[in-house]
Student: 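Below are the structure tokens for one structure; questions will follow.
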Amino acid sequence: MTSGLRLFDTLSRRKTPFVPLDPARVRVYVCGPTVYQRIHVGNARPLVVFDVLFRLLRRRYGAERVVYVRNITDVDDKIIDQARKNGEPIEALTERTIRDFRADAEALGCLPPTHEPRATEHIGEMIGLIETLLAKGHAYVAEGHVLFHVPSMPAYGRLSGRDREEQIAGARVEVAPYKKDPADFVLWKPAAADEPGWPSPWGRGRPGWHIECSAMAERYLGPLPFDVHAGGQDLIFPHHENEIAQSCCARDQELMARFWLHNGFVQMAGEKMAKSLGNVVRVAEVLERYPGEAVRLWLLSAHYRQPLDCSEEALTEARDALRRWYRVLADNRIATDDPGTCEGRVEDALCDDLATPAAIAALHGLATRANKAESAGEREEAARALKGEAALLGLLGADPAGWLKHAAPAGTLSEAEVEARLARRREARKARDFATADAIRAELEAAGIVLKDRPDGRTDWERR
RNA sequence: GGCCCGGUGGCAGAGUGGCCAUGCAGCGGACUGCAAAUCCGCGUACGUCGGUUCGAUUCCGGCCCGGGCCUCCA
């Protein structure tokens, strides 16, 4: 019933059927955060999108057969700078940021990855990889640095689709004098006395950013190549290009990963969200105003390779769509722990390069089917399918009634206060005193409570 | 300057060589004491100019516009 999975590979620039190298061990690596500040909604996109990929692969190959690695970069210049600025120890900054990151990821409904390695715990593997590159003539030592020599790899530039001349012509950063070639990049750099550092054959120092991922990916997913390597589009160059250079040259492999997946940017009013533009919005800020599940749905509302605009309208629409779906579950008394049923609609959609908009359309179709069904049996069947299908997207896992009557914001009516007013209104309606009944309804509406009179005389309510 | 993506109805956002996305908003109707929710119906959408074709929003080319990357960046 379900079709084969096809994914767009950045390297070949084509949608290609996905066949795992080893179906018993499907291997995925996603570049995780550099932990110097809380993540913004742009950072959240790969988190959620590739969580859906993780769920899809688990569904297709078995939960225990998918290895999903998402690293944590906890040594980096930006971390050193931020800790200095805050006047706090580096470890305090990184530990706190990691805690915040995990809280954000959980709020967005992301499953924990199989492995979440920290760069500082894999310095040994990085040094080993650098030694191999030196021994094979792909790297050299200069003034305490170890540099990867880009001309030693003829295939360099394939992923990003640029040749050497372009790179040189486009270079906008001053070239360090010790570089043999302007494109050469750092594998290891010396550390000042007040900076974090580790002993190495080249003196006390710390790793370059790119070598971290090469080392951790191989440590958990080796031998090369593994199945999928993913991240944001801005990582294509130089980060992923350099990872490929390091890993492939060290292991004499043509490929580091069979599939390279890259998500598009989150935009603010049509522009990239970036600190330099001053338009970043942290996930934590959005979570103060919208349920995490609504943020997740919004992040999946456009195809992952397209740009996605962040706006109140878009987030509100996502929240309202969830309301519609949760109403269907609540109306049909679908229990929170009911796994629901699976018709394969969402899976079919996702198999076409993670077509989440089509998957969401399928969920709307199931909601409509439930709402318009003639018999209670048909209604419940569609509602249970909605629940089961949504699970593959990591949605609709909450208690429906609780979601619709979510925690009362400060200063508004408690659930008991709402029920008390509903009891008075019921008496008024029974006495056909509609003026009183409507006054109570207006009072509740002003407090954000919307009523729904049912044919059987009872009244449902939701909090807006 | 080089390279890469896009331009779809009021908005968001899929997709397809000829027929349907989907959601929100809007309009009309059903239901309701009135609402809300829900359902039914409605709206001559594919940047522009050429080409290929029986037929193009969909393929090809030019142009215009927008966004991104070119060693901080999800």
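Fair warning: this is a prediction, and the values are worked out from it, not measured in the lab. Within every chain, numbering begins at 1; the chains are lettered A, B, ... in the order of the sequence lines, protein sequences first and strands thereafter.
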Student: Run the salt-bridge test on A:R282 and A:D100 with the 4.0 Å N-O cut-off and return the result as yes or no.
Tutor: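 A:D100 and A:R282: not salt-bridged.
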
Student: Does the structure show A:F434 stacking with B:G33, if we require the centres to be closer than 5.5 Å and the planes to be within less than 30 degrees of parallel?
Tutor: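 Yes, A:F434 stacks on the base of B:G33, since the ring centres sit under 5.5 Å apart and the planes are within 30°.
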
Student: Is a donor-acceptor pair below 3.5 Å formed from side chain A:R441 to base B:A35, judging by atom type as modelled?
Tutor: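 Per atom types, the contact qualifies.
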
Student: Verify, without hydrogens or angle tests, whether A:D353 (side chain) and A:F8 (backbone) share a donor-acceptor contact under 3.5 angstrom.
Tutor: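 Confirmed, A:D353 side chain pairs with A:F8 backbone.
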
Student: Between the side-chain atoms of A:R324 and the base atoms of B:G23, is any donor-acceptor pair under 3.5 Å?
Tutor: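 A donor-acceptor contact between them is absent.
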
Student: Quick one: on RNA chain B, does A:D184 or A:G264 contact a more 5' nucleotide (nearest heavy atom)?
Tutor: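 In this pair, the answer is A:D184.
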
Student: Can you say whether a donor on the side chain of A:D320 sits under 3.5 Å from an acceptor on the base of B:G23, or the other way round?
Tutor: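 No, the side chain and the base share no sub-3.5 Å donor-acceptor pair.
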
Student: If you assign A:R464 and A:S301 each to the RNA chain B nucleotide with the nearest heavy atom, which residue ends up on the more 5' nucleotide?
Tutor: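 So the residue in question is A:S301.
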
Student: Tell me if the side-chain of A:D453 makes a donor-acceptor pair with the base of B:C34, cut-off 3.5 Å, by modelled atom types.
Tutor: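 Indeed, a donor on one side and an acceptor on the other fall under 3.5 Å apart.
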
Student: Of the nucleotides B:G33, B:A74, B:C39, which one has an atom closest to the side chain of A:K372?
Tutor: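 Between B:G33, B:A74, B:C39, the one nearest the side chain of A:K372 would be B:C39.
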
Student: Look at the side chain of A:A302 and decide which nucleotide, out of B:U38, B:A21, B:G13, has an atom nearest to it.
Tutor: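 Side chain of A:A302 sits closest to B:G13.
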
Student: By the definition salt bridge (Lys or Arg N to Asp or Glu O under 4.0 Å), identify the one residue from A:E378, A:E380, A:E343, A:E389 that meets it with A:R369.
Tutor: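 That would be A:E343.
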
Student: Salt bridge between A:K179 and A:D184, side-chain N to carboxylate O under 4.0 Å?
Tutor: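 No, no charged N to carboxylate O under 4.0 Å.
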
Student: NA contact type, A:H303, heavy-atom cut-off 4.0 Å: base, sugar-phosphate, or nothing?
Tutor: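 Sugar-phosphate contact only - A:H303 comes under 4.0 Å of backbone atoms but never of a base.
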
Student: Between A:E195 and A:K189, does any NZ, NE, NH1 or NH2 come within less than 4.0 Å of an OD or OE carboxylate oxygen?
Tutor: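 No, no charged N to carboxylate O under 4.0 Å.
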
Student: Are any of A:N263's side-chain N or O atoms less than 4.0 Å away from OP1 or OP2 of B:A74?
Tutor: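 A:N263 to B:A74 OP1/OP2: no side-chain N or O under 4.0 Å.
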
Student: Answer yes or no: does a side-chain N or O of A:K452 lie under 4.0 Å from OP1 or OP2 of B:U38?
Tutor: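 No, because none of the side-chain N or O atoms of A:K452 sits under 4.0 Å from OP1 or OP2 of B:U38.
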
Student: In whole angstrom, give me the gap between the C1' atoms of B:G13 and B:C27.
Tutor: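 Those two atoms are separated by 23 Å.
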
Student: Roughly how far apart, to the nearest Å, are B:A37 and B:A74 at atom P?
Tutor: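 These two P atoms come out 41 Å apart once rounded.
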
Student: Do any side-chain nitrogens or oxygens of A:R327 fall under 4.0 Å of OP1 or OP2 in B:U38?
Tutor: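 The answer is yes; a side-chain N or O of A:R327 sits under 4.0 Å from OP1 or OP2.
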
Student: Can you tell which of B:A74, B:C73, B:C70 lies closest to the side chain of A:W209?
Tutor: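 Looking only at side-chain atoms, A:W209 lies closest to B:C73.
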
Student: By nearest atom, which of the nucleotides B:U22, B:C24, B:G33 is closest to the A:H364 side chain?
Tutor: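 Taking heavy atoms from C-beta onward, the closest nucleotide is B:U22.
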
Student: Where the side chain of A:T368 is defined as all heavy atoms beyond and including C-beta, which of B:C39, B:A74, B:C69 is the nearest nucleotide?
Tutor: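 For A:T368, the side-chain atoms sit closest to B:C39.
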
Student: Heavy-atom count around A:E285 CD within 6.0 Å, excluding the residue itself: above 12?
Tutor: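 Check passes, neighbour count above 12.
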
Student: Starting from C1' on B:G68, measure out to CD on A:Q306 and report it in whole angstrom.
Tutor: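 Value for this atom pair: 12 Å.
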
Student: Scan A:G270 against the nucleic acid and name what it touches under 4.0 Å (heavy atoms): base, sugar-phosphate only, or nothing.
Tutor: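 Since only primed, P, OP1 and OP2 atoms lie under 4.0 Å of A:G270, the category is sugar-phosphate.
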
Student: On the side chain of A:K272, is there an atom forming a donor-acceptor pair with the base of B:C73 - under 3.5 Å, no angle test?
Tutor: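 Answer is yes: a donor-acceptor pair is held.
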
